[in-house]
Amino acid sequence: MHLIAAASPAVEAGGLTGFVLDAVRAIGEVGIAVFVLLETVVPPIPSEVVLPFAGALAADGRFTFAGVVTAASVGSVLGAWLLYEAARWAGEERVTRWLATVPLVEREDVDRGSDWFRRYGGTAVLVGRLAPGVRSLVSVPAGAQAMPRPRFLLLTAIGSTAWNVALVGAGLALGRRWTIVEEWTGWLDVAFVVALLVVVGRLAYRRVRTA
């Protein structure tokens, strides 16, 4: 994306990102809530782009900081709640069977992960909402293990609000240079992918060694 030197933040972007940013400009805070909700369920929706851009629009007077953060937090909580309810409906045993069918993943790996979440689930939900790539997934074990809804929603709201304040605040502070935020969050995504590859590599090595 290329920043256009203009009075208000604008970008030339095609595809999904361009559509989302145009919709945010046109619809306002409601659009922010909708797209953040979708991002929680459908990760390709780029919240790391939407929220700094919305913050830059707040700096330009188009939105308010509080309005953007509130809309984004409402969308985050609703999206996480939908995933939670889907996993809770499916139940832990069914979710475990589904996860065990993933290549290189064995039932004992899933069971160990479930045991870990059972011990540290609250921390996982809170911190997980601050981690790109994990923010959506953490709702699944919470629902599968039937974490109490009030606790799940409270922790999700706290973690999501902290993430939203950081991204929207960065866009607000940077104004027309808001795309810098996307570059930094991109490095977080790279770190997550590297960590995921390490985990997959260990699983592959252990399976080959066992065979």
Side-chain angles (χ1 to χ4, degrees), residues 1-85 125-136 138-139 142 149-186 188-189:
M1 290 182 292
H2 305 287
L3 194 62
I4 299 176
S8 62
V11 291
E12 288 181 349
L16 179 61
T17 299
F19 168 76
V20 169
L21 296 184
D22 287 341
V24 167
R25 273 193 296 257
I27 303 174
E29 284 92 341
V30 174
I32 294 170
V34 169
F35 284 117
V36 171
L37 185 156
L38 291 175
E39 182 264 345
T40 304
V41 181
V42 187
I45 301 290
S47 71
E48 289 87 349
V49 177
V50 172
L51 297 183
F53 177 68
L57 289 175
D60 191 51
R62 296 280 297 274
F63 302 143
T64 65
F65 175 78
V68 172
V69 170
T70 300
S73 298
V74 169
S76 297
V77 172
L78 287 177
W81 175 69
L82 289 175
L83 286 177
Y84 168 93
E85 291 297 340
V125 170
L126 181 62
V127 177
R129 297 302 303 172
L130 303 172
V134 179
R135 301 176 66 245
S136 299
V138 74
S139 301
R149 285 186 182 88
R151 185 182 183 211
F152 171 76
L153 293 174
L154 176 61
L155 293 172
T156 297
I158 294 172
S160 297
T161 300
W163 173 259
N164 296 334
V165 165
L167 291 187
V168 176
L172 181 70
L174 292 169
R176 287 183 294 164
R177 295 180 295 134
W178 66 270
T179 51
I180 295 174
V181 181
E182 182 190 0
E183 297 173 9
W184 282 102
T185 54
L188 292 177
D189 290 336

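The shortest distance between side-chain heavy atoms of V68 and N164 does not fall below 4.5 Å. R129 places a side-chain heavy atom less than 4.5 Å from the side chain of V138. Looking at heavy atoms from C-beta onward, L51 lies in side-chain contact with V36 at the 4.5 angstrom threshold.
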Can you give each donor-acceptor pair under 3.5 Å made by side-chain atoms of residues 151-158, sequence neighbours left out, with the distance rounded to 0.1 Å?
residue : atom : partner : partner atom : Å
T156    : OG1  : F152    : O            : 2.8

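For A33, the side chain to side chain contact (heavy atoms under 4.5 Å, CB included) partners at least two apart in sequence or on another chain are A71. Residues passing the side chain to side chain contact (heavy atoms under 4.5 Å, CB included) test with V30 are I27, V34, sequence neighbours excluded.
Smallest separation of non-hydrogen atoms from S139 and L83: CB-CB, 3.8 Å.
No side-chain N or O of S76 forms a donor-acceptor pair with one of T40 less than 3.5 Å apart.
Remark: L78 CG to Y84 OH distance equals 15.0 Å, nearest 0.5 Å. Rounding to the nearest 0.5 Å gives a distance of 10.0 Å between OG1 of T64 and CG of L172. The OG1 atom of T70 sits 9.0 Å away from atom CZ of F65, with the distance rounded to the nearest 0.5 Å.
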